[in-house]
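Below, each value reflects all heavy atoms present in this structure, side chains not excepted, and no hydrogens, waters or symmetry copies.
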Amino acid sequence: MVRFKNRYFTAEIIPLDNGRTVQPLNLKTYDILKSVLAATEQIHGEFGAAAIKNGLDVKYCNESTQIAIIRCRHGPHRLLASSLPFLSSIGKRKVQLQSMYTGATLVKCYKFLKKFHQEKMNEALKMCRTEEEKKKIFEIMSKTKYGL
C-alpha cells in the first residue's frame with residue numbers, strides 16, 4: 001500500500017476593502033477551493049489545476065482570525081505555493097492571501113497557529129495600560145479556537 005504525503009498551507013486572508021466598513025468575511029470552503037483552483041489555472045494552466053485538484057481541501061477556516069489551512073498533495077504543492085500570492089478574490093470579496101507556514105502535518109500547523117496567537121496576544125498585552133484592557137483582550141482571545 002502506498003502512502004500519500006500531504007502538505008498543509010497556513011494562510012492569512014486579508015480583506016481589501018477600500019475605505020468601506022469592515023464586515024466579517026463569511027467565507028465558505030467551497031469558495032476558497034474554487035478561487036485557489038482558478039488562480040492555479042491562471043498561473044500554471046490546465047496542468048497545474050489538474051495536478052492540485054486531486055488532494056485539494058480546506059481543513060480549517062476561521063472567520064474571526066481570518067486564517068485558513070489548505071491541504072494539497074506532496075509534489076504539486078509547489079504549484080499551489082507559487083500561485084497562492086496571486087489569489088486576488090474569494091467569492092465576490094477582494095482579498096490578499098499571505099502564506100504563513102507550510103507543514104507536513106495538520107498537528108504542526110495547529111502548533112504554529114497556537115504559537116502565532118500567543119505572540120499576538122503578548123504584543124497586545126504590552127500595549128495595554130490598564131487591567132480592564134487586559135481583561136478585554138483575554139476575553140477576545142479566549143473566544144478563538146487556538147487563542148491560548
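- Side-chain contact between Glu46 and Glu41: present, with at least one pair of heavy atoms (C-beta onward) separated by less than 4.5 Å.
- Sorted by first and then second residue, the pairs that involve residues 62-83 and meet ring pair (Phe, Tyr, Trp, His ring centres under 6.0 Å), not counting sequence neighbours, are His74-His77.
- Distance check: Cys61 SG to Ile32 CD1 gives 3.5 Å after rounding to the nearest 0.5 Å.
- Tyr101 has its side chain out of reach of Phe116: every pair of non-hydrogen atoms, C-beta onward, lies at least 4.5 Å apart.
- Residues Leu56 and Leu80 are in side-chain contact: their nearest non-hydrogen atoms beyond the backbone lie under 4.5 Å apart.
- Leu87 CG to Leu37 CG: the interatomic distance, rounded to the nearest 0.5 Å, is 10.5 Å.
- Side-chain contact check for Arg73 versus Ile52: every heavy-atom pair is 4.5 Å or farther apart.
- For the side-chain contact (heavy atoms from CB on, under 4.5 Å) criterion with Val58, the lone passing option out of Leu27, Val36, Leu33 is Leu33.
- Between atom CG of residue Asn26 and atom CZ of residue Arg93 there is a gap of 8.0 Å, rounded to the nearest 0.5 Å.
- Ile69 places a side-chain heavy atom less than 4.5 Å from the side chain of Leu113.
- Distance check: Glu63 CD to Gln66 CD gives 9.5 Å after rounding to the nearest 0.5 Å.
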Anything under 3.5 Å between a donor and an acceptor, one on a side chain of residues 8-16, the other on a protein residue two or more places apart or in another chain? List them.
none

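- To the nearest 0.5 Å, the span separating CD1 on Ile90 from CG on Asp31 amounts to 8.0 Å.
- Contact of the Phe112 side chain with the Met100 side chain is registered, since non-hydrogen atoms from C-beta on lie closer than 4.5 Å.
- Rounding to the nearest 0.5 Å places OG of Ser35 at 11.5 Å from CD of Gln42.
- By the rule that hydrophobic residues join a cluster once side-chain heavy atoms approach within less than 4.5 Å of another member, Leu79 and Ile43 end up as members of separate clusters.
- By the salt bridge (charged side-chain N to carboxylate O under 4.0 Å, His left out) test, Lys59 is found to be paired with Asp57, residues two or more places apart in sequence or in another chain being considered.
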